[in-house]
Structure formats: structure tokens, C-alpha cells
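So that the names make sense, note that chain A is the first sequence line, chain B the second, and so on, each numbered from 1. Quick caveat, the model's predicted, so the values are computed rather than measured.
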There are 2 protein chains.
Amino acid sequence: MRMLSQAVEDYLKTIYKLQGEDRVATNHIAAVMEVSSASVTNMLKRLTRLELVDYASYQGVRLTEAGTQVALEIIRHHRLLETYLKEVMGFSWSEMHEEAERLEHHISEEFEERIDEMLGYPTHDPHGHPIPTKDGKIAASATQTLAETEPGEHVVVHHVSDGDSDLLDYLEGAGLLPQSKVQVVEKEPFNGPLKVALGGKERVIGREVAAQVFVRPAIHRTTASGTVASSSAERTETK
Amino acid sequence: MRMLSQAVEDYLKTIYKLQGEDRVATNHIAAVMEVSSASVTNMLKRLTRLELVDYASYQGVRLTEAGTQVALEIIRHHRLLETYLKEVMGFSWSEMHEEAERLEHHISEEFEERIDEMLGYPTHDPHGHPIPTKDGKIAASATQTLAETEPGEHVVVHHVSDGDSDLLDYLEGAGLLPQSKVQVVEKEPFNGPLKVALGGKERVIGREVAAQVFVRPAIHRTTASGTVASSSAERTETK
DNA sequence: TCTTATTTTTAGCCATGGCTAATTCAGTGC
DNA sequence: GCACTGAATTAGCCATGGCTAAAAATAAGA
Ligand SMILES: [Mn+2]
Ligand SMILES: [Mn+2]
Ligand SMILES: [Mn+2]
Ligand SMILES: [Mn+2]
């Protein structure tokens, strides 16, 4: 396939993220990408010619298999870059995302390979999002949020929303990053705050924040030393 | 200044490299950049509107002070990136240059700052080319080549040409990289090969290769331990 | 079913940055 | 001073990817 432009790659990535079971609406893409609907229609026609999407006027759009592979390749770049920028280069949450958003379109396969190796072939980025493999497979993510978790339940943070970097700074301070073990102690009614226990301390967090924290049930097991360890069930269904 | 495109940045960089004392010709830029002369004229008009060049029809072009600063900023990115890609990420000579050529247009000031710091604020890239400072100053380079060096002269390799990566691989194997101490032993006439001494061994190299190796006279001094050390006179005139 | 509201597309415009072919300019030789 | 030649510019085209405003299609409500 001929070199794809940054614009084409960003459209494919956006469609990938918006498409669940059903087709994605023109206006939806326009809203997320902050461009006019007319621009979206124009691009969808070109993506159709490139056989990267399956599109019919007024019927919305879906990625073809080829389009999906391109989207996953870009997402792989993005997530490997974020991991590298944060772990190796010490970028903050906000800088990291912005930088990865640009560089994802400009690194070579060689560069991708090097950072993957330097990072020890990570499977998840700093947000806890799965990193697609080189051959375009991606692990499933957790769908349960901390806000939906019932008091008494023991969970492990799987991933956190990557939309708001101020939120990420807050979550980092609160210790609510991927791998953290959390227990919900209490939930105030009427969408009130949650009292959670983590790292031996109790802490109150708002319902909105809790809805951005995705969790998996913790698995309890007794270690050789007799202490109780827990971790999330890591299902790696590739869908 | 508004965000400049990759094309604009590459034109400025090319003009910077071509301009010595006098103005640069349209055809010269076209040849180096492998675009048509018409495209160059078109771009020069736009660069003029942006006040990045001083251009008059049929009279050639020169960078303005603003244009020079942009060019130096891009060259700084390029050379810091090359150093990082080679030293930290283990890229080869050929991959390194290609990668830097693209990434130089897409890294943030933050990224530039981080790699500068991680590298310990280097003054020269792996070719021995000076890295412009953040405030747009650049050290002078050596102008004498090994081919011009007379037998008996002791010199230190200052920088090597960065045009041909196969040549760079060869020079690396020959030990003719920046900082290497070399003595010309013999020069065959009629543009014949040179016999040089370096690292305690003698070696024969072609005149063409020697013309791509830039050197400075070695300064001899006696160390405390009695051995003789030499290094090049590092003049850092910023021009 | 018919009207209305919403979504989407079309039409037409613009900037960027390429290209080829035709023309114009500047310098050299006569 | 004039013709010639090579360099440079102009004219006119194209693809990409934005935009606004108008028109058309679809979905929803009475
Ligand atoms: Mn991100
Ligand atoms: Mn992007
Ligand atoms: Mn280079
Ligand atoms: Mn470049």
C-alpha cells in the first residue's frame, strides 16, 4: 500500500475507536475530529476508493479488514510511543499523549521495533490499554468501571481513560493506576462518592472519576509466605 | 510564527546548506531537492511572503535572519536526533539519517530538550557536525580534508561527510570517525591513494574517500605520564 | 400519510505543494 | 547592438484536505 497521509491515518484511527457493532455516523466522526461533516463525507469517499472503508451514502461507515489493520498499526505506534515517552524519557501524562499523537504517523518500522525491544515487548501502555501486536491482534479490555463496582468487591485497576490529562495526574496521585488493587468500601447514593481502600488507606473519590477507572475482579490466592496476593484475570481474547 | 510545514522547513534547510557568501540559484535548489525549478520559484515566493527569505526574480535567494533561525532549529533537531538514534537506540548510519530526516519536523521542543539532556548536551553529532545551540548559534566546522593533508602532518578527524551511508560504514571500519588521530604517511601522485597511520597501524585509502574526511591539525602535548596525546584545536567561532 | 427536523451530501471555494509546457529574461559571443 | 543560450518565471493543471452554504435524503412527529 502506498504511503498513507497523516489525515487518512487519523480518520481510520477515529473510525476504529468509534465503531462497535454498528456503522459509524458521519456527524459522529466530525464531532470527534473537530472538522465539518462535509470534510468527513469527502474523506470517506476517498477512503472508499482506497478500499480502507466500507461506506454507502447516508448509511454510515465501517473499516474494511485492510482499514482495520492500518488503524491497529497506528494505535500500536501510539501506545508503544506513550510507553517509551513515559517510561524511558520521563514525559508527563499530558505531554506524552500529545507527542505520541504526532509521532505515531512518522516513525519507521525500525523505530517501532527498537522501542518495543528496549521496553521489553510490553503488552499494555501506561493507561493500561492493550498494545496491538505486530501482526495486528489486540487483547480485550475490561468493561467494568470502579463506579459500577459493589461495596466489598476486590478489584484490580485494568486501565484508565486517556482523555483528560488532569484526571490522569489526579489518578496517579490517588494511586489509581493500572495494577493497583482496590476494594470498594462504601457507595453514597444519588450518584454520590465512593469510599475505597487501596494501599492500606481509605480514600473518597467522586462517581465521575470512578467511571473513568476500568477494573477487573481480583483473584485471591495464598502465596508461599502465607500472605494474600491478588491480581486481575488477564484474558487475552483477541477480537 | 504560525506552524511551518515540512516542505517549508526542508526548503529553508536546503538554502541554508547551499548558501555561502552569495545568493543561491533556483536550479541549484531544484537539483538538490529533486523537484522542478517551477516548484522552487513557487515556494520562494511563498517564503518571501513569510519573510523567511530575501528573494528577487532572477537574482537568487538568501535566508533572512528569521529564516536562518528556523533552518538552525531544524538542523538542531536533525543532529540531536541522529546522536540519540545512534548512541541510545543503536541505529545504523543509514537508518539514522533517514529517520532523523523525517522526525526533525515532528518533535516538540519538549522532546528536543529531553534528548539533549539524556545525551549530556552534546556539541557535535555522530558525523562530527556541530549541533546548533537552542539560541541559534553554531560552531565553525573544519575545512581541511584528509586528501589535502601533507605527509608527516598529524591531524584529528573533525567530521565526515554525511551523504553516503555506505561510505560511513567503511569509515567506521577503517577507524576514521571523529576524534580519531591520523598521520599521513605517504601520498601517491596522480590523485593516487594515501597511506595513513592510525591506531598504531598503517592503512591505504583512496583519494576520493580522503576528500570526505575533514580534519584539523593535531595539537601535541606531553601528558603527566609522559605519553604524547593529541587533540584538535576546537575553535568555536559562531558564524 | 404528510410535514418537519435532523443528518448527510453536493457545490463551490481556498491554500499547499507538486507537475509540464510555454514564455521571458539575462548574459555571452559576434 | 543583436542573436543565441541557459536559467528562471509564468501559465495552467492536479491531488489533498480543509471550509461554508445550499440541497437532498432520511427519520420522526402529528
Ligand atoms: Mn493516548
Ligand atoms: Mn494522530
Ligand atoms: Mn544527517
Ligand atoms: Mn527533512
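Dashed line: the shortest gap from a side-chain N or O of B:Thr41 to OP1 or OP2 of D:dT9 is under 4.0 Å. For the OP1/OP2 pair of D:dT10 and a distance below 4.0 Å, the side-chain nitrogens and oxygens of B:Lys45 include at least one atom meeting the criterion. The side chain of A:Ser5 contributes an N or O atom lying less than 4.0 Å from OP1 or OP2 of D:dG17.
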Item to check | Working for side-chain hydrogen bond (donor to acceptor under 3.5 Å, both in side chains), residues A:Gln212 and A:Glu208 | outcome: CA-CA 7 Å; A:Gln212 305 300 313; A:Glu208 292 220 350; over 6 Å; no
Item to check | Candidate pair B:Thr149 and B:Gln144, rule side-chain hydrogen bond (donor to acceptor under 3.5 Å, both in side chains), full reasoning | outcome: CA-CA 7 Å; B:Thr149 304; B:Gln144 180 190 343; 3.0 Å; yes
Next on the checklist: Is there a side chain to side chain contact (heavy atoms under 4.5 Å, CB included) between A:Lys187 and A:Arg207? Walk through the geometry before answering.
Outcome noted: CA-CA 9 Å; A:Lys187 280 167 90 173; A:Arg207 191 70 64 114; 3.8 Å; yes
Checklist entry - What's the verdict on side chain to side chain contact (heavy atoms under 4.5 Å, CB included) for A:Leu4 and A:Val70, showing C-alpha distance, side-chain angles and the deciding distance? => result CA-CA 9 Å; A:Leu4 298 173; A:Val70 173; 3.7 Å; yes
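Under a 4.0 Å N-O distance rule, the pair A:Arg76/A:Glu104 does not qualify as a salt bridge. Of the charged side-chain nitrogens involved, at least one lies within less than 4.0 Å of a carboxylate oxygen, so that B:Arg23 and B:Asp54 count as a salt-bridged pair. A salt bridge does not link B:Glu109 to B:Lys134: none of the charged nitrogens lies less than 4.0 Å from a carboxylate oxygen. The pair B:Lys137-B:Glu73 does not meet the salt-bridge criterion, since no charged nitrogen lies less than 4.0 angstrom from a carboxylate oxygen.
The nucleotide whose nearest atom lies closest to any side-chain atom of A:Tyr11 is, among D:dT9, D:dG18, C:dT10, D:dG18. Proximity note for A:Tyr58 (side chain, C-beta onward) versus C:dT8, C:dG17, D:dG17: the nearest is C:dT8. Checking C:dT10, D:dT26, C:dC19 against every side-chain atom of B:Ala38, the shortest atom distance belongs to C:dC19. Comparing C:dT8, D:dA21, D:dA8 by their nearest atom to the side chain of B:Tyr55 picks out D:dA8.
Among the atoms of the strands shown, base atoms are found under 4.0 Å from some heavy atom of A:Ser36. Residue contacts shown for B:Ser37 include a base, since a base heavy atom lies under 4.0 Å away.
Here C:dG17 presents its P atom at 19 Å from CD of B:Glu34, a figure rounded to the nearest Å. For A:Arg46 and D:dG18, the CZ to C1' distance is 10 Å, given to the nearest whole Å. Rounded to a whole Å, the CG atom of A:Leu4 is 11 Å from the P atom of D:dT16. Between the CG atom of A:Leu47 and the P atom of D:dT16 there is a distance of 11 Å, rounded to whole Å. What separates CG of B:Leu44 from P of D:dT10 is a distance of 11 Å, to the nearest Å. Per the geometry, CD belonging to A:Gln59 stands 19 Å off P belonging to D:dA24, to the nearest Å. A:Asp10 places its CG atom 11 Å from the P atom of D:dG17, with the value rounded to the nearest Å. Between A:Asn42 atom CG and D:dG18 atom C1' the separation is 9 Å, expressed in whole Å.
DNA chain C is contacted by A:Ala25, A:Thr26, A:Asn27 of residues 22-31 of chain A, taking any non-hydrogen atom closer than 4.0 Å.
Nearest-nucleotide positions on DNA chain D place A:Met43 closer to the 5' end than the other of A:Met43 and A:Ser57.
When all heavy atoms of A:Leu80 and A:Leu119 are compared, the pair lying nearest together is O-CD1, 3.8 Å.
Where the helix from C:dT1-D:dA30 to C:dC30-D:dG1 starts and where it ends, the local axes point in directions that differ by 20°; five pairs per end, rounded to 10°.
Both cation-pi conditions hold for A:Arg114 and B:Phe91: the charged atom is under 6.0 angstrom from the six-membered ring centre and inside a 45 degree cone around its axis.
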